[in-house]
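Notes to accompany the following structure.
Note that this is a predicted model, so its numbers are computed, not measured. Both backbone and side-chain heavy atoms feed into the values below; hydrogens, waters and symmetry mates do not.
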Amino acid sequence: MTHRRWFTPWLLAGPAIIWLAVFNLWPAVNTVILSFTNAKPLGGGQFTGLENYGRILDDAQLADALLNSIVFMLVCLPLLTVLPLLLALLVQRKIPGITFFRTAFYTPVIASAVVVALIWGWVLDDRGLVNGLLQQSGLADSPVSFLTDRWLLLFSAIALTAWKGLGYYMVIYLSALANVPGELHEAAAVDGASPFRRFWHVTLPGVRPTMMLISVLISVNALRVFSELYVLSNGQGGPGGRDMSVVMLIQMYSRGFTGHLGYASALSLMLFVITLGPMLLLMRLNRKAA
Amino acid sequence: MTSRRSRRPGGFNTPSPAQTAARYLLLLVVLLLVIGPFLWQLSTSLKGPTEDIYTRTPSFLPEDLTFSNYAKVADTIPVWTYALNSLIVAAICIAGNVIGCTLAGYALARLRFRGARLVFGLFLATLVLPGEVTIVSQYVLVRSLGLADTLAGVALPGALAMLNVLLMRTAFAAVPVELDQAALVDGANVWQRLWHVGLPNVRGMLSVIVIFTFIGAWDDFLWPLIVLNDPQKYTLTVGLQYLNGTFSANPRLIAAGTMIAFLPIVVVFAVCQRFFFKGVEEGAVKG
(Lines give C-alpha, C1' and ligand atoms only; values in the text may rest on other atoms or scores of the structure.)
Protein backbone atom coordinates (compact mmCIF):
# COMPACT_ATOMS: atom_id res chain seq x y z
CA MET A 1 0.00 0.00 0.00
CA THR A 2 1.13 3.50 -0.65
CA HIS A 3 1.73 6.23 1.84
CA ARG A 4 2.62 9.84 1.15
CA ARG A 5 5.54 10.37 3.52
CA TRP A 6 8.48 7.98 3.64
CA PHE A 7 8.64 8.04 7.43
CA THR A 8 5.00 7.06 8.06
CA PRO A 9 5.78 3.32 8.49
CA TRP A 10 8.66 4.14 10.83
CA LEU A 11 6.36 6.38 12.85
CA LEU A 12 3.84 3.54 13.20
CA ALA A 13 6.40 0.85 13.95
CA GLY A 14 8.55 3.25 15.98
CA PRO A 15 7.45 2.36 19.52
CA ALA A 16 7.68 -1.36 18.77
CA ILE A 17 11.15 -0.96 17.26
CA ILE A 18 12.30 1.01 20.31
CA TRP A 19 11.02 -1.78 22.58
CA LEU A 20 12.65 -4.36 20.33
CA ALA A 21 16.00 -2.61 20.58
CA VAL A 22 15.92 -1.44 24.21
CA PHE A 23 14.12 -4.25 26.01
CA ASN A 24 14.99 -7.26 23.81
CA LEU A 25 18.10 -6.90 21.66
CA TRP A 26 20.20 -4.82 24.06
CA PRO A 27 19.55 -7.06 27.11
CA ALA A 28 20.46 -10.08 24.98
CA VAL A 29 23.77 -8.49 24.01
CA ASN A 30 24.37 -7.15 27.51
CA THR A 31 23.85 -10.62 29.02
CA VAL A 32 26.87 -11.79 27.03
CA ILE A 33 28.92 -8.73 28.08
CA LEU A 34 27.95 -9.01 31.77
CA SER A 35 28.84 -12.69 31.83
CA PHE A 36 32.53 -11.71 31.45
CA THR A 37 32.45 -9.27 34.39
CA ASN A 38 32.07 -9.38 38.16
CA ALA A 39 29.10 -6.95 38.21
CA LYS A 40 27.24 -6.90 41.54
CA PRO A 41 23.69 -5.70 42.26
CA LEU A 42 25.24 -2.77 44.13
CA GLY A 43 27.82 -1.74 41.53
CA GLY A 44 31.16 -3.06 40.29
CA GLY A 45 31.74 -4.61 36.92
CA GLN A 46 35.39 -5.24 36.06
CA PHE A 47 36.21 -7.52 33.17
CA THR A 48 37.16 -10.89 34.62
CA GLY A 49 37.49 -13.01 31.51
CA LEU A 50 36.21 -16.54 31.75
CA GLU A 51 36.09 -16.61 35.56
CA ASN A 52 32.28 -16.94 35.70
CA TYR A 53 32.36 -19.82 33.25
CA GLY A 54 35.04 -21.54 35.29
CA ARG A 55 32.79 -21.19 38.30
CA ILE A 56 29.96 -22.91 36.41
CA LEU A 57 32.10 -26.02 36.15
CA ASP A 58 32.56 -26.50 39.88
CA ASP A 59 29.31 -25.27 41.36
CA ALA A 60 27.75 -28.14 43.33
CA GLN A 61 24.42 -26.32 43.68
CA LEU A 62 24.27 -25.82 39.92
CA ALA A 63 24.95 -29.51 39.37
CA ASP A 64 21.95 -30.26 41.61
CA ALA A 65 19.86 -27.72 39.70
CA LEU A 66 20.75 -29.30 36.37
CA LEU A 67 19.97 -32.75 37.73
CA ASN A 68 16.59 -31.40 38.90
CA SER A 69 15.95 -30.00 35.41
CA ILE A 70 16.70 -33.34 33.79
CA VAL A 71 14.41 -35.22 36.21
CA PHE A 72 11.75 -32.56 35.71
CA MET A 73 11.94 -32.94 31.95
CA LEU A 74 12.05 -36.74 31.93
CA VAL A 75 8.96 -37.04 34.13
CA CYS A 76 6.99 -34.23 32.48
CA LEU A 77 7.60 -35.41 28.91
CA PRO A 78 5.59 -38.67 28.99
CA LEU A 79 2.97 -37.25 31.37
CA LEU A 80 2.23 -34.11 29.40
CA THR A 81 2.42 -35.56 25.90
CA VAL A 82 -0.06 -38.36 26.70
CA LEU A 83 -2.53 -37.14 29.34
CA PRO A 84 -3.59 -33.92 27.54
CA LEU A 85 -4.20 -35.91 24.35
CA LEU A 86 -6.51 -38.29 26.21
CA LEU A 87 -8.20 -35.28 27.82
CA ALA A 88 -8.64 -33.64 24.40
CA LEU A 89 -10.27 -36.82 23.07
CA LEU A 90 -12.56 -36.77 26.10
CA VAL A 91 -13.78 -33.20 25.48
CA GLN A 92 -13.60 -33.28 21.68
CA ARG A 93 -17.18 -34.38 21.02
CA LYS A 94 -19.67 -31.54 21.27
CA ILE A 95 -22.01 -32.96 23.88
CA PRO A 96 -24.22 -30.77 26.11
CA GLY A 97 -22.20 -28.92 28.75
CA ILE A 98 -18.86 -29.58 27.06
CA THR A 99 -17.94 -25.87 26.97
CA PHE A 100 -18.23 -25.81 30.75
CA PHE A 101 -15.87 -28.77 31.10
CA ARG A 102 -13.36 -27.36 28.62
CA THR A 103 -13.38 -24.02 30.44
CA ALA A 104 -13.06 -25.68 33.84
CA PHE A 105 -10.13 -27.84 32.68
CA TYR A 106 -8.36 -24.72 31.48
CA THR A 107 -8.73 -22.87 34.82
CA PRO A 108 -5.39 -24.02 36.33
CA VAL A 109 -3.61 -22.62 33.27
CA ILE A 110 -4.84 -19.07 33.79
CA ALA A 111 -4.19 -19.15 37.54
CA SER A 112 -0.85 -17.70 38.64
CA ALA A 113 1.84 -20.27 39.38
CA VAL A 114 2.07 -18.60 42.81
CA VAL A 115 -1.63 -19.19 43.48
CA VAL A 116 -1.38 -22.79 42.32
CA ALA A 117 1.75 -23.44 44.39
CA LEU A 118 0.18 -21.92 47.52
CA ILE A 119 -2.91 -24.09 47.06
CA TRP A 120 -0.83 -27.24 46.58
CA GLY A 121 1.45 -26.24 49.44
CA TRP A 122 -1.60 -26.35 51.68
CA VAL A 123 -3.02 -29.54 50.10
CA LEU A 124 0.36 -31.33 50.54
CA ASP A 125 1.12 -29.85 53.97
CA ASP A 126 2.11 -32.25 56.78
CA ARG A 127 -1.35 -31.65 58.22
CA GLY A 128 -3.04 -30.97 54.88
CA LEU A 129 -5.72 -32.66 52.81
CA VAL A 130 -3.63 -35.39 51.18
CA ASN A 131 -1.88 -36.45 54.39
CA GLY A 132 -5.23 -36.40 56.20
CA LEU A 133 -6.76 -38.71 53.63
CA LEU A 134 -3.68 -40.96 53.53
CA GLN A 135 -3.67 -41.43 57.30
CA GLN A 136 -7.42 -41.83 57.56
CA SER A 137 -7.45 -44.54 54.93
CA GLY A 138 -4.53 -46.26 56.63
CA LEU A 139 -2.18 -45.88 53.68
CA ALA A 140 0.29 -43.97 55.85
CA ASP A 141 0.99 -44.08 59.58
CA SER A 142 2.76 -40.74 59.82
CA PRO A 143 2.55 -37.68 57.54
CA VAL A 144 4.44 -37.97 54.26
CA SER A 145 6.85 -35.02 54.07
CA PHE A 146 5.96 -33.90 50.54
CA LEU A 147 7.47 -30.44 51.03
CA THR A 148 10.56 -31.06 53.15
CA ASP A 149 12.15 -34.12 51.53
CA ARG A 150 14.70 -33.41 48.79
CA TRP A 151 13.11 -35.72 46.19
CA LEU A 152 9.48 -35.59 47.30
CA LEU A 153 9.58 -31.79 47.04
CA LEU A 154 10.86 -32.02 43.47
CA PHE A 155 8.19 -34.56 42.55
CA SER A 156 5.50 -32.43 44.18
CA ALA A 157 6.62 -29.51 42.01
CA ILE A 158 6.52 -31.79 38.96
CA ALA A 159 3.02 -32.99 39.90
CA LEU A 160 1.67 -29.48 40.18
CA THR A 161 3.39 -28.43 36.94
CA ALA A 162 1.70 -31.35 35.17
CA TRP A 163 -1.64 -30.52 36.81
CA LYS A 164 -1.35 -26.87 35.76
CA GLY A 165 -0.21 -27.75 32.22
CA LEU A 166 -2.92 -30.31 31.36
CA GLY A 167 -5.45 -27.78 30.07
CA TYR A 168 -2.87 -25.84 28.09
CA TYR A 169 -1.70 -28.80 26.04
CA MET A 170 -5.29 -30.09 25.84
CA VAL A 171 -6.28 -26.96 23.90
CA ILE A 172 -3.36 -27.36 21.51
CA TYR A 173 -4.32 -31.00 20.91
CA LEU A 174 -7.96 -30.00 20.41
CA SER A 175 -7.12 -27.80 17.46
CA ALA A 176 -4.89 -30.55 16.04
CA LEU A 177 -7.67 -33.12 16.41
CA ALA A 178 -10.05 -30.83 14.54
CA ASN A 179 -7.70 -31.15 11.57
CA VAL A 180 -7.78 -34.96 11.47
CA PRO A 181 -10.26 -35.67 8.63
CA GLY A 182 -13.47 -37.24 9.92
CA GLU A 183 -13.72 -39.36 6.75
CA LEU A 184 -10.62 -41.31 7.79
CA HIS A 185 -12.28 -42.31 11.06
CA GLU A 186 -15.47 -43.16 9.25
CA ALA A 187 -13.66 -45.27 6.69
CA ALA A 188 -11.76 -47.12 9.42
CA ALA A 189 -15.00 -47.69 11.31
CA VAL A 190 -16.66 -49.07 8.20
CA ASP A 191 -13.75 -51.46 7.81
CA GLY A 192 -14.48 -52.69 11.32
CA ALA A 193 -11.50 -51.16 13.11
CA SER A 194 -11.90 -51.06 16.89
CA PRO A 195 -11.78 -47.66 18.65
CA PHE A 196 -8.30 -48.49 19.92
CA ARG A 197 -7.02 -49.35 16.43
CA ARG A 198 -8.61 -46.20 15.05
CA PHE A 199 -6.80 -44.20 17.75
CA TRP A 200 -3.50 -45.90 16.92
CA HIS A 201 -3.73 -45.76 13.12
CA VAL A 202 -5.78 -42.61 12.45
CA THR A 203 -5.66 -40.23 15.42
CA LEU A 204 -2.01 -40.68 16.42
CA PRO A 205 -0.50 -40.17 12.96
CA GLY A 206 -2.81 -37.15 12.55
CA VAL A 207 -1.52 -35.40 15.68
CA ARG A 208 2.13 -36.50 15.43
CA PRO A 209 3.50 -33.09 14.33
CA THR A 210 1.60 -31.44 17.20
CA MET A 211 2.97 -34.04 19.58
CA MET A 212 6.53 -33.16 18.56
CA LEU A 213 5.86 -29.44 19.01
CA ILE A 214 4.33 -30.11 22.44
CA SER A 215 7.34 -32.22 23.48
CA VAL A 216 9.61 -29.27 22.70
CA LEU A 217 7.37 -26.87 24.64
CA ILE A 218 7.37 -29.25 27.63
CA SER A 219 11.17 -29.59 27.56
CA VAL A 220 11.80 -25.85 27.32
CA ASN A 221 9.22 -25.11 30.03
CA ALA A 222 10.79 -27.73 32.32
CA LEU A 223 14.11 -25.87 31.99
CA ARG A 224 12.41 -22.56 32.80
CA VAL A 225 10.63 -23.68 35.97
CA PHE A 226 10.79 -21.18 38.81
CA SER A 227 7.65 -20.13 40.71
CA GLU A 228 6.44 -23.65 41.53
CA LEU A 229 9.69 -24.68 43.26
CA TYR A 230 10.25 -21.24 44.77
CA VAL A 231 6.84 -21.02 46.44
CA LEU A 232 6.59 -24.69 47.47
CA SER A 233 10.00 -24.42 49.18
CA ASN A 234 9.24 -20.93 50.51
CA GLY A 235 12.15 -19.45 48.58
CA GLN A 236 14.64 -21.78 50.29
CA GLY A 237 15.04 -24.36 47.53
CA GLY A 238 14.38 -27.32 49.82
CA PRO A 239 16.76 -29.00 52.30
CA GLY A 240 20.25 -27.56 51.83
CA GLY A 241 19.06 -25.66 48.75
CA ARG A 242 19.25 -28.86 46.75
CA ASP A 243 15.85 -28.30 45.11
CA MET A 244 16.88 -25.16 43.26
CA SER A 245 16.19 -24.79 39.56
CA VAL A 246 18.58 -22.94 37.24
CA VAL A 247 16.21 -19.95 37.13
CA MET A 248 16.06 -19.94 40.94
CA LEU A 249 19.86 -19.65 40.98
CA ILE A 250 19.68 -16.79 38.46
CA GLN A 251 17.15 -15.01 40.67
CA MET A 252 19.22 -15.67 43.80
CA TYR A 253 22.38 -14.20 42.26
CA SER A 254 20.60 -11.11 40.92
CA ARG A 255 19.65 -9.77 44.34
CA GLY A 256 21.08 -8.49 47.59
CA PHE A 257 24.56 -8.08 49.01
CA THR A 258 25.69 -11.58 48.08
CA GLY A 259 24.39 -11.20 44.53
CA HIS A 260 26.63 -11.60 41.49
CA LEU A 261 25.10 -10.29 38.26
CA GLY A 262 28.07 -11.47 36.21
CA TYR A 263 27.66 -15.05 37.34
CA ALA A 264 23.85 -14.81 36.98
CA SER A 265 24.42 -13.68 33.36
CA ALA A 266 26.73 -16.60 32.65
CA LEU A 267 24.06 -18.93 34.04
CA SER A 268 21.45 -17.23 31.83
CA LEU A 269 23.56 -17.77 28.76
CA MET A 270 24.08 -21.40 29.69
CA LEU A 271 20.30 -21.79 30.11
CA PHE A 272 19.74 -20.27 26.67
CA VAL A 273 22.16 -22.69 25.02
CA ILE A 274 20.43 -25.64 26.73
CA THR A 275 16.94 -24.49 25.63
CA LEU A 276 18.19 -24.27 22.04
CA GLY A 277 18.71 -28.04 22.07
CA PRO A 278 15.03 -29.09 21.96
CA MET A 279 14.21 -26.28 19.49
CA LEU A 280 16.92 -27.30 17.04
CA LEU A 281 15.82 -30.91 17.37
CA LEU A 282 12.28 -29.93 16.40
CA MET A 283 13.49 -27.99 13.34
CA ARG A 284 15.56 -30.99 12.26
CA LEU A 285 12.67 -33.40 12.67
CA ASN A 286 10.36 -31.04 10.76
CA ARG A 287 12.83 -30.84 7.90
CA LYS A 288 13.06 -34.62 7.76
CA ALA A 289 9.27 -34.94 7.73
CA ALA A 290 8.91 -32.38 4.94
CA MET B 1 -27.80 -50.72 -0.12
CA THR B 2 -24.15 -50.19 0.58
CA SER B 3 -24.89 -47.10 2.59
CA ARG B 4 -26.93 -49.01 5.13
CA ARG B 5 -23.87 -50.76 6.54
CA SER B 6 -21.99 -47.53 7.09
CA ARG B 7 -25.03 -45.86 8.62
CA ARG B 8 -25.58 -47.80 11.74
CA PRO B 9 -28.59 -46.62 13.78
CA GLY B 10 -28.05 -42.88 14.23
CA GLY B 11 -24.89 -42.91 12.12
CA PHE B 12 -21.34 -43.76 13.01
CA ASN B 13 -20.86 -40.67 15.15
CA THR B 14 -23.64 -41.35 17.62
CA PRO B 15 -22.50 -43.23 20.73
CA SER B 16 -24.76 -45.48 22.77
CA PRO B 17 -26.33 -44.08 25.99
CA ALA B 18 -23.93 -46.20 28.02
CA GLN B 19 -20.95 -44.66 26.21
CA THR B 20 -22.30 -41.17 26.81
CA ALA B 21 -22.81 -41.94 30.50
CA ALA B 22 -19.24 -43.26 30.77
CA ARG B 23 -17.96 -40.11 29.09
CA TYR B 24 -19.79 -37.85 31.54
CA LEU B 25 -18.55 -39.94 34.46
CA LEU B 26 -14.94 -39.52 33.30
CA LEU B 27 -15.50 -35.81 32.76
CA LEU B 28 -16.77 -35.48 36.34
CA VAL B 29 -13.77 -37.37 37.75
CA VAL B 30 -11.35 -35.06 35.92
CA LEU B 31 -13.43 -32.06 37.00
CA LEU B 32 -13.06 -33.11 40.62
CA LEU B 33 -9.27 -33.44 40.26
CA VAL B 34 -8.97 -30.07 38.55
CA ILE B 35 -11.42 -28.00 40.58
CA GLY B 36 -11.06 -29.84 43.91
CA PRO B 37 -7.89 -28.06 45.11
CA PHE B 38 -9.39 -24.64 44.29
CA LEU B 39 -12.58 -25.50 46.22
CA TRP B 40 -10.51 -26.78 49.14
CA GLN B 41 -8.65 -23.46 49.27
CA LEU B 42 -11.91 -21.50 49.01
CA SER B 43 -13.41 -23.61 51.78
CA THR B 44 -10.35 -23.08 54.01
CA SER B 45 -10.58 -19.32 53.48
CA LEU B 46 -14.17 -19.36 54.75
CA LYS B 47 -13.56 -21.42 57.90
CA GLY B 48 -13.67 -19.61 61.24
CA PRO B 49 -10.88 -19.65 63.88
CA THR B 50 -12.74 -22.19 66.02
CA GLU B 51 -13.10 -24.75 63.26
CA ASP B 52 -10.36 -27.38 63.08
CA ILE B 53 -8.92 -27.08 59.58
CA TYR B 54 -6.42 -29.91 60.17
CA THR B 55 -9.06 -32.52 60.78
CA ARG B 56 -8.41 -35.96 59.34
CA THR B 57 -11.91 -36.18 57.94
CA PRO B 58 -11.76 -33.22 55.59
CA SER B 59 -14.92 -31.21 55.21
CA PHE B 60 -15.43 -29.02 52.17
CA LEU B 61 -18.32 -27.15 53.77
CA PRO B 62 -17.33 -24.66 56.49
CA GLU B 63 -19.26 -25.23 59.73
CA ASP B 64 -19.82 -21.56 60.36
CA LEU B 65 -19.18 -19.63 57.20
CA THR B 66 -17.19 -16.43 57.80
CA PHE B 67 -15.54 -13.73 55.71
CA SER B 68 -13.40 -12.55 58.63
CA ASN B 69 -10.24 -14.11 57.12
CA TYR B 70 -10.49 -11.68 54.21
CA ALA B 71 -10.55 -8.74 56.66
CA LYS B 72 -7.73 -10.27 58.69
CA VAL B 73 -5.44 -10.81 55.73
CA ALA B 74 -5.80 -7.09 54.97
CA ASP B 75 -4.60 -6.35 58.52
CA THR B 76 -1.53 -8.55 58.05
CA ILE B 77 -0.42 -7.36 54.60
CA PRO B 78 -1.76 -4.40 52.56
CA VAL B 79 -3.49 -6.84 50.24
CA TRP B 80 -5.76 -4.27 48.56
CA THR B 81 -2.76 -2.04 47.81
CA TYR B 82 -1.09 -5.08 46.27
CA ALA B 83 -4.17 -5.76 44.16
CA LEU B 84 -4.16 -2.13 43.04
CA ASN B 85 -0.44 -2.37 42.18
CA SER B 86 -1.09 -5.47 40.07
CA LEU B 87 -3.94 -3.66 38.38
CA ILE B 88 -1.74 -0.63 37.58
CA VAL B 89 0.93 -2.86 36.04
CA ALA B 90 -1.70 -4.75 34.03
CA ALA B 91 -3.31 -1.50 32.82
CA ILE B 92 0.01 -0.08 31.59
CA CYS B 93 0.79 -3.34 29.80
CA ILE B 94 -2.64 -3.52 28.14
CA ALA B 95 -2.51 0.11 26.95
CA GLY B 96 1.02 -0.28 25.62
CA ASN B 97 0.33 -3.54 23.81
CA VAL B 98 -2.98 -2.45 22.28
CA ILE B 99 -1.57 0.81 20.90
CA GLY B 100 2.01 -0.18 20.08
CA CYS B 101 1.26 -3.58 18.57
CA THR B 102 -1.67 -2.31 16.50
CA LEU B 103 0.43 0.44 14.93
CA ALA B 104 3.45 -1.77 14.28
CA GLY B 105 1.36 -4.72 13.13
CA TYR B 106 -0.41 -2.52 10.60
CA ALA B 107 2.84 -1.06 9.28
CA LEU B 108 4.38 -4.52 8.85
CA ALA B 109 1.31 -6.03 7.22
CA ARG B 110 0.12 -3.20 4.98
CA LEU B 111 2.89 -0.70 4.24
CA ARG B 112 5.89 -1.32 2.03
CA PHE B 113 9.11 0.22 3.29
CA ARG B 114 12.84 -0.41 3.15
CA GLY B 115 14.03 -2.53 6.05
CA ALA B 116 10.61 -4.02 6.71
CA ARG B 117 11.96 -7.55 6.21
CA LEU B 118 14.85 -6.98 8.58
CA VAL B 119 12.60 -5.52 11.27
CA PHE B 120 10.17 -8.41 10.88
CA GLY B 121 13.01 -10.93 11.12
CA LEU B 122 14.29 -9.35 14.32
CA PHE B 123 10.81 -9.44 15.90
CA LEU B 124 10.62 -13.12 14.97
CA ALA B 125 14.10 -13.87 16.30
CA THR B 126 13.24 -12.65 19.81
CA LEU B 127 10.75 -15.51 20.14
CA VAL B 128 13.47 -18.12 20.63
CA LEU B 129 14.76 -16.16 23.62
CA PRO B 130 13.05 -17.31 26.84
CA GLY B 131 12.29 -14.32 29.07
CA GLU B 132 14.30 -15.80 31.94
CA VAL B 133 17.50 -15.62 29.91
CA THR B 134 17.55 -11.82 29.66
CA ILE B 135 15.99 -11.10 33.04
CA VAL B 136 19.29 -10.18 34.71
CA SER B 137 20.31 -7.63 32.10
CA GLN B 138 16.75 -6.31 31.95
CA TYR B 139 17.06 -5.65 35.66
CA VAL B 140 20.38 -3.88 35.09
CA LEU B 141 18.69 -1.80 32.37
CA VAL B 142 15.65 -0.88 34.46
CA ARG B 143 17.94 0.02 37.35
CA SER B 144 20.06 2.30 35.15
CA LEU B 145 16.84 4.00 34.00
CA GLY B 146 16.22 4.79 37.66
CA LEU B 147 13.16 2.54 37.72
CA ALA B 148 14.34 -0.17 40.13
CA ASP B 149 11.77 -0.73 42.89
CA THR B 150 8.98 1.05 40.97
CA LEU B 151 5.80 -0.23 39.33
CA ALA B 152 6.82 1.50 36.11
CA GLY B 153 9.94 -0.65 36.14
CA VAL B 154 7.79 -3.76 36.52
CA ALA B 155 5.44 -2.76 33.69
CA LEU B 156 7.81 -1.25 31.13
CA PRO B 157 9.57 -4.28 29.53
CA GLY B 158 6.26 -6.08 28.97
CA ALA B 159 4.38 -2.97 27.83
CA LEU B 160 5.01 -3.90 24.20
CA ALA B 161 5.47 -7.60 23.62
CA MET B 162 7.16 -8.78 20.43
CA LEU B 163 4.81 -11.76 20.08
CA ASN B 164 1.79 -9.43 20.05
CA VAL B 165 3.30 -7.34 17.25
CA LEU B 166 3.53 -10.51 15.17
CA LEU B 167 -0.03 -11.53 16.08
CA MET B 168 -1.38 -8.12 15.01
CA ARG B 169 0.62 -8.32 11.79
CA THR B 170 -1.02 -11.68 11.02
CA ALA B 171 -4.47 -10.29 11.86
CA PHE B 172 -4.05 -7.25 9.58
CA ALA B 173 -2.61 -9.40 6.81
CA ALA B 174 -5.83 -11.46 6.82
CA VAL B 175 -7.97 -8.39 6.05
CA PRO B 176 -8.76 -8.43 2.29
CA VAL B 177 -6.42 -6.08 0.41
CA GLU B 178 -9.34 -4.98 -1.80
CA LEU B 179 -10.89 -3.15 1.17
CA ASP B 180 -7.69 -1.13 1.57
CA GLN B 181 -7.47 -0.45 -2.15
CA ALA B 182 -11.06 0.77 -2.28
CA ALA B 183 -10.38 3.14 0.60
CA LEU B 184 -7.23 4.31 -1.16
CA VAL B 185 -9.23 5.13 -4.31
CA ASP B 186 -11.59 7.12 -2.12
CA GLY B 187 -8.59 9.14 -1.00
CA ALA B 188 -8.18 7.75 2.51
CA ASN B 189 -4.73 8.26 4.06
CA VAL B 190 -2.85 5.70 6.15
CA TRP B 191 -4.40 6.72 9.46
CA GLN B 192 -7.92 6.66 8.04
CA ARG B 193 -7.36 3.23 6.49
CA LEU B 194 -5.94 1.90 9.73
CA TRP B 195 -8.80 3.34 11.78
CA HIS B 196 -11.78 2.66 9.49
CA VAL B 197 -10.71 -0.38 7.45
CA GLY B 198 -8.11 -2.21 9.52
CA LEU B 199 -9.23 -1.91 13.12
CA PRO B 200 -12.86 -3.07 12.75
CA ASN B 201 -11.54 -6.29 11.23
CA VAL B 202 -9.00 -7.18 13.92
CA ARG B 203 -11.17 -6.75 17.03
CA GLY B 204 -11.05 -10.49 17.76
CA MET B 205 -7.26 -10.57 17.88
CA LEU B 206 -7.20 -7.39 19.98
CA SER B 207 -9.53 -9.00 22.54
CA VAL B 208 -7.26 -12.03 22.74
CA ILE B 209 -4.23 -9.76 23.28
CA VAL B 210 -6.03 -7.77 25.99
CA ILE B 211 -7.08 -10.93 27.85
CA PHE B 212 -3.68 -12.58 27.68
CA THR B 213 -1.81 -9.41 28.57
CA PHE B 214 -4.02 -8.97 31.62
CA ILE B 215 -3.56 -12.57 32.73
CA GLY B 216 0.19 -12.44 32.07
CA ALA B 217 0.73 -9.22 34.02
CA TRP B 218 -1.56 -10.20 36.91
CA ASP B 219 0.03 -13.65 37.30
CA ASP B 220 3.69 -12.69 36.80
CA PHE B 221 5.98 -13.44 39.72
CA LEU B 222 9.69 -13.70 38.85
CA TRP B 223 10.10 -10.25 37.27
CA PRO B 224 8.31 -8.19 39.97
CA LEU B 225 10.14 -10.28 42.58
CA ILE B 226 13.46 -9.13 41.11
CA VAL B 227 12.51 -5.48 40.53
CA LEU B 228 10.65 -4.70 43.78
CA ASN B 229 12.18 -4.34 47.25
CA ASP B 230 9.78 -2.08 49.15
CA PRO B 231 6.93 -4.21 50.61
CA GLN B 232 4.52 -1.33 50.00
CA LYS B 233 5.07 -1.63 46.26
CA TYR B 234 4.66 -5.39 45.92
CA THR B 235 2.27 -6.80 43.34
CA LEU B 236 -0.24 -9.38 44.51
CA THR B 237 1.82 -12.47 43.66
CA VAL B 238 4.97 -11.16 45.37
CA GLY B 239 2.88 -10.01 48.34
CA LEU B 240 1.30 -13.46 48.68
CA GLN B 241 4.68 -15.18 48.74
CA TYR B 242 5.76 -12.57 51.33
CA LEU B 243 2.71 -13.48 53.44
CA ASN B 244 3.50 -17.16 53.00
CA GLY B 245 7.12 -16.63 54.05
CA THR B 246 6.75 -14.30 57.01
CA PHE B 247 3.43 -15.51 58.37
CA SER B 248 3.38 -19.24 57.96
CA ALA B 249 1.07 -19.66 60.94
CA ASN B 250 -2.45 -19.38 59.54
CA PRO B 251 -3.46 -21.27 56.39
CA ARG B 252 -6.88 -19.54 56.53
CA LEU B 253 -5.28 -16.14 55.84
CA ILE B 254 -3.07 -17.48 53.05
CA ALA B 255 -6.15 -19.13 51.55
CA ALA B 256 -8.05 -15.84 51.67
CA GLY B 257 -5.12 -14.06 50.02
CA THR B 258 -4.91 -16.69 47.30
CA MET B 259 -8.59 -16.26 46.52
CA ILE B 260 -8.18 -12.47 46.23
CA ALA B 261 -5.51 -13.12 43.59
CA PHE B 262 -7.37 -15.92 41.86
CA LEU B 263 -11.02 -14.83 41.65
CA PRO B 264 -10.53 -11.74 39.40
CA ILE B 265 -8.73 -13.96 36.87
CA VAL B 266 -11.59 -16.47 36.94
CA VAL B 267 -14.13 -13.69 36.34
CA VAL B 268 -12.16 -12.26 33.42
CA PHE B 269 -11.73 -15.72 31.93
CA ALA B 270 -15.38 -16.72 32.41
CA VAL B 271 -16.59 -13.51 30.77
CA CYS B 272 -14.13 -13.70 27.86
CA GLN B 273 -13.86 -17.45 27.29
CA ARG B 274 -15.96 -17.37 24.12
CA PHE B 275 -13.25 -15.21 22.45
CA PHE B 276 -10.70 -17.65 23.64
CA PHE B 277 -12.12 -20.90 22.34
CA LYS B 278 -13.40 -19.19 19.19
CA GLY B 279 -9.82 -18.19 18.53
CA VAL B 280 -8.70 -21.79 18.94
CA GLU B 281 -11.40 -23.06 16.59
CA GLU B 282 -10.66 -20.42 13.95
CA GLY B 283 -7.01 -21.36 14.13
CA ALA B 284 -8.07 -24.96 13.53
CA VAL B 285 -10.10 -24.06 10.47
CA LYS B 286 -7.20 -22.20 8.95
CA GLY B 287 -4.94 -25.13 9.76
**Study point:** Check: B:F262 and A:I119 side chains under 4.5 Å, non-hydrogen atoms
**Key:** no
Study note, to complete from the structure: Cut-off 4.5 Å, heavy atoms of chain A, and the answer for B:Y139 is side chain
Check your understanding: For chain A, which of B:V165, B:L240, B:L236, B:I226 has the most heavy-atom pairs under 4.5 Å?
Key -> B:I226
**Study point:** Greatest number of heavy atom pairs closer than 4.5 Å to chain A - which of B:V140, B:V266, B:D220, B:T44
**Key:** B:T44
Point to revise | Region of A:L87 that comes under 4.5 Å of a non-hydrogen atom in chain B | key: side chain
Check your understanding: Under 4.5 Å, heavy atom to heavy atom, which residues of residues 222-232 of chain A contact chain B?
Key -> A:R224, A:F226, A:S227, A:Y230, A:V231
Point to revise | Which portion of A:V22 sits near chain B, non-hydrogen atoms under 4.5 angstrom | key: both
Check your understanding: Going by heavy atoms in the side chains, are B:Y24 and A:I95 under 4.5 Å from each other?
Key -> yes
Check your understanding: Taking A:W122 as the fixed residue, which of B:I53, B:N244, B:I254 is the one that meets the side chain to side chain contact (heavy atoms under 4.5 Å, CB included) rule?
Key -> B:I53
Point to revise | Among B:A159, B:G115, B:A255, residue most engaged with chain A (heavy-atom pairs, under 4.5 Å) | key: B:A159
Check your understanding: Is the closest side-chain donor-acceptor distance between A:T31 and B:S137 under 3.5 Å?
Key -> yes
Exercise for review: May I ask you to name which of B:P157, B:G100, B:A107, B:G105 has the most heavy-atom pairs under 4.5 Å with chain A?
Suggested key: B:P157
Point to revise | Test item: B:L111 and A:L12 side chains (from C-beta on) under 4.5 Å apart, heavy atoms | key: yes
Exercise for review: May I ask you to test the A:F101-B:L28 pair for a side-chain heavy-atom distance under 4.5 Å?
Suggested key: yes
